[in-house]
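To keep things clear, I will list the structure first and then write my remarks on it.
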Amino acid sequence: MDRFVDNARLRLYRVWHSPSLAKAAIIVKSRPFRRAMTLFVALPFIIALIIVSTRGVDLGANHMPIGLSPRYAACASRNESGDQADWANMKGKYSSLPDDKFTIAMLTYRRPKELNETLTTLLSEKIPSLYELVVVWGDIEDKAMPADFVSKYGVPVRYRMAEENSLNEKLRPDPSFKTQAVLLTDDDVYYSPSDLEFVFQTWRQFGQNRLTGALARCSTLDIYGDYHYTFCNKEAENVYSMVLTNLCFSHISFMDYYWSNNTVMNEVRAYVDEGMNCEDIALNYVQGLLTGHGPLLVNGDKKYVNMDPGTGISRNPGHLEARSKCLNDFAKMFDCMPLVDESAHIQKGIL
């Protein structure tokens, strides 16, 4: 055993004091070697950082990847602005209508309680610029539509039977409309009467080429260049790209273009009917395409009222996923992305 240990020590001594090991030790201590090893160790981290910076990190739908290109370019960047001649004709057709009054177009479907509350509230106070309130009766199977009447402040309330069971009906440019401004709304959402006049005057001054309303929504990109529909996280996003048509002012020409025989618009309306969703997103696409502007978020002293009843399309499972699909499918139809991000908003009163 002692002889074996001695032989082992002798071999270790020879290896330790060999010239090749001494040369290796010198190399390890040399400055070029240390620099090379530092680069070798750091290289994977540098590569990872480059990948993250160019592709983005998938942290969910509310995260905007860095330097990522969407599948479809912005329409404005490609000088795509729809049929401007057709839109000009539409604006000319309505130019004789007053722009100092507005009409409310309210879609209702089998929600008498919410409809009654909304009508009662809106008609309880005088709104100086309100010309007419039109209730679009969406339940075409129920022929027992209420009779027209006039409010105590002299506002005509007219019921109009929808031509078909379609979300597109609210956006139909009723030939009986007498104003350029139309407040698109549902039977369960409304501005307080004391704020509605302010919002309308804001539309007149700043928003005639924009959808102007109370509920902002966002479209964000994932790492694959696809859009996602979100409720706008204030901590993650400083911009919005849509306002919902359940409470927003629109120039009637946008509605006319939406209902035109334009090939893309025919495809869009058919898509909305098939999925019973996304007519509001589509109108935002129309406005952004024609004007190159984003929407305008406007609120009054009081927060708008949203009853949020238990029934409704937004309650359906997979609603957000369906809305995200609409964003991407519409971009494909338009062959570009018409939505324009906006950061400004208008609030009544002094901050």
>> Nearest 0.5 angstrom please: R210 CZ to L297 CG, how far?
In response: 11.5 Å

> What closest approach, in Å, do Y159 and D148 show between heavy atoms, and which atom pair accounts for it?
Replying inline: N-OD1, 2.9 Å

>> Within the structure provided, determine whether E342 and H293 are in side-chain contact (heavy-atom separation under 4.5 Å).
In response: no

> Partners of N299 by side chain to side chain donor-acceptor pair (under 3.5 Å), sequence neighbours excluded?
Replying inline: none

> Stepwise, does the side-chain contact (heavy atoms from CB on, under 4.5 Å) test hold for N238 with S343?
Replying inline: CA-CA 6 Å; N238 293 317; S343 59; 5.6 Å; no

> Got a second to check how far D341's CG is from M242's CE, nearest 0.5 Å?
Replying inline: 9.5 Å

>> If you define the side chain from C-beta out and look only at heavy atoms, does anything of L247 sit under 4.5 Å from L215?
In response: yes

> Less than 4.5 Å apart, any side-chain heavy atom of L283 and any of L171?
Replying inline: yes

> Going hydrophobic residue to hydrophobic residue with side-chain gaps under 4.5 angstrom, can you get from V136 over to M161?
Replying inline: yes

> Can you get from L244 to L107 by hopping between Ile, Leu, Val, Met, Phe, Trp and Tyr side chains that sit under 4.5 Å apart?
Replying inline: yes

>> To the nearest 0.5 Å, what is the distance between CE on M333 and CG on N328?
In response: 11.0 Å

> Should the heavy atoms of other residues, nucleotides or ligands under 6.0 Å from NZ of K91 be counted, would the total exceed 12?
Replying inline: yes

> In Å and rounded to the nearest 0.5 Å, what is the NZ to OG distance from K152 to S124?
Replying inline: 6.5 Å

> Between V298 and F206, is any pair of side-chain heavy atoms under 4.5 Å apart?
Replying inline: no

> Is a donor on one side and an acceptor on the other found under 3.5 Å between the side chain of K143 and the backbone of I140?
Replying inline: yes

> Which atom pair, heavy atoms only, marks the closest approach of T230 to T220?
Replying inline: CG2-OG1, 3.7 Å

> Which heavy atom in R172 sits nearest to a heavy atom in M255, and how many Å separate them?
Replying inline: O-CE, 3.6 Å

>> Walk me through whether E114 and T118 qualify under side chain to side chain donor-acceptor pair (under 3.5 Å).
In response: CA-CA 6 Å; E114 288 79 8; T118 300; over 6 Å; no

>> Run the side chain to side chain donor-acceptor pair (under 3.5 Å) test on Q180 and H251 for me, step by step, so that the C-alpha distance in whole Å, both residues' side-chain angles and the decisive distance to 0.1 Å come before the verdict.
In response: CA-CA 6 Å; Q180 294 185 40; H251 193 278; 2.8 Å; yes

> Mind checking whether F249 and L211 have side chains closer than 4.5 Å, heavy atoms only?
Replying inline: no

> Do the side chain of Q287 and the main chain of S250 share a donor and acceptor less than 3.5 angstrom apart?
Replying inline: no

> Is the shortest side-chain N to carboxylate O distance from D280 to R323 below 4.0 Å?
Replying inline: yes

> Can the ring centres of Y304 and Y190 be said to be less than 6.0 Å apart?
Replying inline: no

> Any luck finding a side-chain donor-acceptor pair between Y258 and N168 under 3.5 Å?
Replying inline: yes

> Salt bridge or not for K302 and D195, using N-O below 4.0 Å?
Replying inline: no

> For F198 and G300, which heavy atoms make the closest approach, and how far apart are they?
Replying inline: CD2-CA, 4.4 Å

>> Testing the basics here: between M265 and F334, what is the closest heavy-atom pair and its distance to 0.1 Å?
In response: SD-CZ, 4.1 Å

> Which heavy-atom pair separates S241 from N284 by the least distance, and what is that distance?
Replying inline: O-OD1, 4.1 Å

> Any donor and acceptor pair, going by atom type alone, linking the side chain of N209 with main-chain N or O of T291 inside 3.5 Å?
Replying inline: no

> Step by step, would you call S166 with D273 a side chain to side chain donor-acceptor pair (under 3.5 Å)?
Replying inline: CA-CA 6 Å; S166 169; D273 282 338; 2.5 Å; yes

> Charged N to carboxylate O under 4.0 angstrom, E132 versus K178?
Replying inline: no

>> Using a 3.5 Å distance criterion without hydrogens, assess whether the side chain of E117 forms a donor-acceptor pair with backbone atoms of K113.
In response: no

>> Could you go through H319 and N277, starting from their C-alpha distance and side-chain angles, then the distance that decides it, and tell me whether this counts as side-chain contact (heavy atoms from CB on, under 4.5 Å)?
In response: CA-CA 9 Å; H319 177 65; N277 205 340; 3.6 Å; yes

> If you measure from OH on Y191 to SG on C248, what distance do you get to the nearest 0.5 Å?
Replying inline: 8.5 Å

>> Looking at E164, I'd like to know if its CD atom is crowded, meaning that more than 12 non-hydrogen atoms belonging to other residues, nucleotides or ligands lie closer than 6.0 Å.
In response: yes

> What is the ring orientation for F231 with Y229, classed by angle as parallel under 30°, tilted 30 to 60°, or perpendicular over 60°?
Replying inline: perpendicular

> Quick one: does V157's side chain get under 4.5 Å of V150's, heavy atoms only?
Replying inline: no

>> Looking at D174 and R158, is any side-chain nitrogen of the basic one under 4.0 Å from a carboxylate oxygen of the acidic one?
In response: yes

> Can a donor-acceptor pair be found between the side chains of T108 and W137 at a distance below 3.5 Å?
Replying inline: no

>> Do Y72 and Y224 sit in one hydrophobic cluster, given that two such residues count as connected whenever their side-chain heavy atoms are within less than 4.5 Å of each other, even indirectly?
In response: no

>> Check this for me: does any side-chain nitrogen of one of D186 and R111 sit under 4.0 Å from a carboxylate oxygen of the other?
In response: no

> Taking the six-membered ring for Trp, is the centroid-to-centroid distance between Y131 and F102 below 6.0 Å?
Replying inline: no

>> Could you check whether D256 and Y94, counting side-chain N and O atoms only, form a donor-acceptor pair closer than 3.5 Å?
In response: yes

> So do L130 and F200 actually touch side chain to side chain, heavy atoms under 4.5 Å?
Replying inline: no

> Do L119 and V155 sit in the same hydrophobic cluster, where Ile, Leu, Val, Met, Phe, Trp and Tyr count as joined when their side-chain heavy atoms come under 4.5 Å apart?
Replying inline: yes

> So, T185 side chain and N246 main chain: donor-acceptor pair closer than 3.5 Å or not?
Replying inline: yes

>> In this structure, would M145 and M106 fall into the same cluster of hydrophobic residues linked by side-chain contacts under 4.5 Å?
In response: yes

>> Closer than 4.0 angstrom, basic N to acidic O: yes or no for R110 and D139?
In response: yes

>> Please evaluate residues I252 and F177 with respect to the criterion side-chain contact (heavy atoms from CB on, under 4.5 Å), reporting the C-alpha separation (whole Å), side-chain torsions for both, the decisive distance (0.1 Å), and the verdict.
In response: CA-CA 9 Å; I252 191 172; F177 284 161; 3.8 Å; yes

>> Using 0.5 Å steps for rounding, measure from the CD1 atom of I281 to the OG1 atom of T245.
In response: 9.5 Å

> Any luck finding a side-chain donor-acceptor pair between Q201 and Q205 under 3.5 Å?
Replying inline: no

> Is the closest side-chain heavy-atom distance between S260 and D86 below 4.5 Å?
Replying inline: yes

> How about F330 and Y271: are their ring centroids closer than 6.0 Å?
Replying inline: yes

> Given the rule in the side-chain contact (heavy atoms from CB on, under 4.5 Å) test, do F149 and L123 qualify, once you have shown the distances and angles that lead to the verdict?
Replying inline: CA-CA 12 Å; F149 66 96; L123 300 173; 3.9 Å; yes

> Salt bridge between R78 and D335, side-chain N to carboxylate O under 4.0 Å?
Replying inline: yes

> Does G92 offer a backbone N or O that forms a donor-acceptor pair with the side chain of S95 under 3.5 Å?
Replying inline: yes

